[in-house]
Novice: 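Take a look at the following structure, please.
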Amino acid sequence: MSSLLHHQLQRTTASVSAACRATRSTRRAARTFKSSAVVRDETAQPRARPRVVFSGIQPTGIPHLGNLLGALLNWVKLQREAAPEDQLIYSIVGWHALTLPQDPKALSAARSDMLAVLLAVGLDPKRSIIFHQDENLHHAELAWILNCITPMGKLKRMTTWKSRLAASRNARDDSEVDESLLNAGLFTYPVLQAADILAYRATHVPVGEDQQQHIELCRDLAESFNRTFKGKRPLFPLPQHVITTTCRVLSLKDPSSKMSKSSPDLNSRILLTDTPAQVRSKIRGAVTDSLLGITYDPVARPGAANLLSILAACTGEDVHAVAARYADKGHGQLKADVVEAVEELIKGPRAEFERMRGEKEYLSSVAREGAEKARQLSHVTIQEVRARIGLV
């Protein structure tokens, strides 16, 4: 390894020296073409505008491994890599949770637990605005205004309400959903989601692929408002869907469906609060197949592919590279390594969550300060909205 690094260093040094010689030899010629040099001067390029990033998560129980890998750890990554001038806004969206039946006491506890989770995984309330959606009434006001300009046809084309109903009733697909169970809140929740985003005039929204249809609706509503209620400038930017490197984690017992908190089989999911023994037991019992060797084939071998995806996501590797290492190994070895990788990933956040959930006063202060910051931002937006529609 050291000899390879030494060789690479020699090559790099030689390349730099050659570049320097070339630079000196052309310096006199460059003086003749000052105008061209100005064009190529990177310092003359305009700086990118600061981003406003918004995303939310429902307080519906302890997050599972899919929530961690698919959303929460990506939020932490965005926080770590964001430019200093970027605004990061993360919300616990309690009003969205109400679109399906909830036990009030359980929802209240889950609401507090979700805030503890966000802090435990690494979100910093000094860097990011972290708050409860239901503590900022501007969301609901803007949702009603946007409802009044949302065509019914657009909502009817939304498909996620069917998948949410199917998941809540453990149906295998949308065809098993009884539409008589649909309530107005669930039908119009994409409009509330648009209000969540537009209240802060967010420019970037990290959400899963299943929510991309809602981001398109949000863009449509922003454009419709800007066109209908004109001002000196458009009020709302058209938010972009942030595509992050995410792992779609499937059920350990039914790899044809996503890992879900609503599944009646507790062994189908790994929760943040699972002990090392529970993690080991659940992964050892994961559905695979009887074929020799390990290959990454999500269609023909979904169980093995799911374990490979989990391992790759936990270690930050390419799933195909991981699969190649197990080509001549068995499922037992793969499962043992997945157990180790998952436990390594969640042990820190798990311990911090157990500590944090007992800090009730601290959690209340974080929520209170976050809501105040959120209201200050959205107040400017809602005042402009009211002025443009005539409610002043």
Side-chain angles (χ1 to χ4, degrees), residues 48-59 63 67 70-97 111-112 114-143 145-146 189-208 211-212 214-215 217-219 221-222 225 235-244 246 363-385:
R49 295 181 62 182
R51 299 184 304 169
V52 179
V53 178
F54 178 92
S55 197
I57 187 169
Q58 293 191 38
N67 301 136
L72 299 181
L73 295 182
N74 276 310
W75 291 6
V76 177
K77 182 181 179 183
L78 282 169
Q79 177 182 263
R80 184 172 61 248
E81 297 178 353
E85 61 271 18
D86 290 343
Q87 279 190 321
L88 306 173
I89 308 168
Y90 298 118
S91 181
I92 299 164
V93 289
W95 282 327
H96 286 288
R111 191 171 171 274
S112 176
M114 185 56 72
L115 178 56
V117 166
L118 297 186
L119 300 177
V121 298
L123 288 183
D124 181 0
K126 294 180 180 178
R127 177 62 183 94
S128 301
I129 297 175
I130 307 169
F131 73 106
H132 292 291
Q133 172 204 41
D134 52 89
E135 293 183 348
N136 184 0
L137 299 182
H138 293 152
H139 290 241
E141 180 177 352
L142 184 55
I145 293 169
L146 295 178
Y189 96 93
V191 181
L192 176 58
Q193 188 179 57
D196 296 335
I197 296 166
L198 297 179
Y200 306 97
R201 289 185 257 192
T203 59
H204 294 77
V205 186
V207 292
Q211 295 292 311
Q212 187 159 359
H214 292 180
I215 301 304
L217 175 66
C218 179
R219 290 170 59 88
L221 293 180
F225 187 96
L235 178 58
F236 296 119
L238 304 186
Q240 300 178 30
H241 176 216
V242 177
I243 301 175
T244 53
T246 61
L363 292 175
S364 295
S365 69
V366 169
R368 185 169 55 253
E369 291 172 11
E372 179 59 30
K373 292 176 182 177
R375 287 192 295 266
Q376 288 176 1
L377 291 176
S378 60
H379 176 76
V380 177
T381 301
I382 207 69
Q383 287 296 101
E384 180 69 19
V385 168

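Not measured: the values here are computed from a predicted model. For the single chain, residues carry numbers from 1 onward in sequence order.
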Novice: Not counting sequence neighbours, which residues clear side chain to side chain contact (heavy atoms under 4.5 Å, CB included) with D86? List them please.
Specialist: P50, R51, A82, A83, R127
Novice: Side chains of T203 and R49: closer than 4.5 Å at any heavy-atom pair?
Specialist: no
Novice: Give me the one residue out of I197, L377, I130 that meets side-chain contact (heavy atoms from CB on, under 4.5 Å) with I89.
Specialist: L377
Novice: Between R111 and P59, is there a donor-acceptor pair closer than 3.5 Å when you use the side chain of the first and the backbone of the second?
Specialist: no
Novice: Do R201 and V52 make a side-chain contact, defined as non-hydrogen atoms from C-beta onward lying under 4.5 Å apart?
Specialist: no
Novice: Kindly give the heavy-atom pair with the smallest separation between A194 and L221, and that separation in Å.
Specialist: CB-CD1, 4.0 Å
Novice: When you look at L198 and T381, which way does the side chain to side chain contact (heavy atoms under 4.5 Å, CB included) test go after all the steps?
Specialist: CA-CA 8 Å; L198 297 179; T381 301; over 6 Å; no
Novice: Which heavy atom of A367 sits nearest a heavy atom of E135, and at what distance?
Specialist: O-OE1, 3.7 Å
Novice: Find the distance between CG (L137) and CG (L142) and round it off to the nearest 0.5 Å.
Specialist: 12.5 Å
Novice: From the options Q193, M114, H132, Q133, select the one residue that forms a side-chain contact (heavy atoms from CB on, under 4.5 Å) with V93.
Specialist: Q133
Novice: Classify the angle between the aromatic ring planes of Y90 and W75 as parallel (below 30°), tilted (30 to 60°) or perpendicular (above 60°).
Specialist: parallel
Novice: Measure from the side-chain N and O atoms of H241 to the backbone N and O of V207, and report whether any donor-acceptor pair falls under 3.5 Å.
Specialist: yes
Novice: Taking all heavy atoms of A143 and all of V191, pick out the closest pair and write down the distance.
Specialist: O-CG1, 3.6 Å
Novice: Tell me whether Q79 contacts the main-chain N or O of D124 through its side chain, where contact means a donor paired with an acceptor under 3.5 Å.
Specialist: yes
Novice: Atom CG of N67 and atom CD1 of I57: how far apart are they, to the nearest 0.5 Å?
Specialist: 5.0 Å
Novice: Closest approach of L363 and S112, non-hydrogen atoms and distance?
Specialist: CD1-OG, 3.8 Å
Novice: CD1/I129 to CD/E369 distance, rounded to the nearest 0.5 angstrom?
Specialist: 11.5 Å
Novice: Quick check: do P63 and V117 have side-chain heavy atoms less than 4.5 Å from each other?
Specialist: yes
Novice: Side chains of H204 and L78: closer than 4.5 Å at any heavy-atom pair?
Specialist: no
Novice: Evaluate the criterion side chain to side chain contact (heavy atoms under 4.5 Å, CB included) for residue pair D196 and H96; output intermediate values, then yes/no.
Specialist: CA-CA 10 Å; D196 296 335; H96 286 288; 2.7 Å; yes
Novice: Can you find a pair of side-chain heavy atoms, one from V242 and one from V53, that are under 4.5 Å apart?
Specialist: no
Novice: How are the rings of F225 and F236 set to each other: parallel, tilted or perpendicular (split at 30° and 60°)?
Specialist: perpendicular
Novice: Show your working on side chain to side chain contact (heavy atoms under 4.5 Å, CB included) between F131 and R375 and close with a plain yes or no.
Specialist: CA-CA 10 Å; F131 73 106; R375 287 192 295 266; over 6 Å; no
Novice: Over 60° means perpendicular and under 30° means parallel, so classify the ring planes of F54 and Y200, tilted if in between.
Specialist: parallel
Novice: Run the side chain to side chain contact (heavy atoms under 4.5 Å, CB included) test against E384 and tell me which residues pass, sequence neighbours left out.
Specialist: L235, R388
Novice: Look at the side chain of S378 and the backbone N and O of A199, then say whether any donor-acceptor pair between them is shorter than 3.5 Å.
Specialist: no
Novice: If the test is side chain to side chain donor-acceptor pair (under 3.5 Å), which one of K373, H379, E372 qualifies with Q376?
Specialist: E372
Novice: Quick one: closest heavy-atom pair of L217 and P190, and the distance?
Specialist: CD2-CB, 3.6 Å
Novice: If you take all heavy atoms of L72 and V121, which pair is closest and at what distance?
Specialist: CB-CG2, 4.5 Å
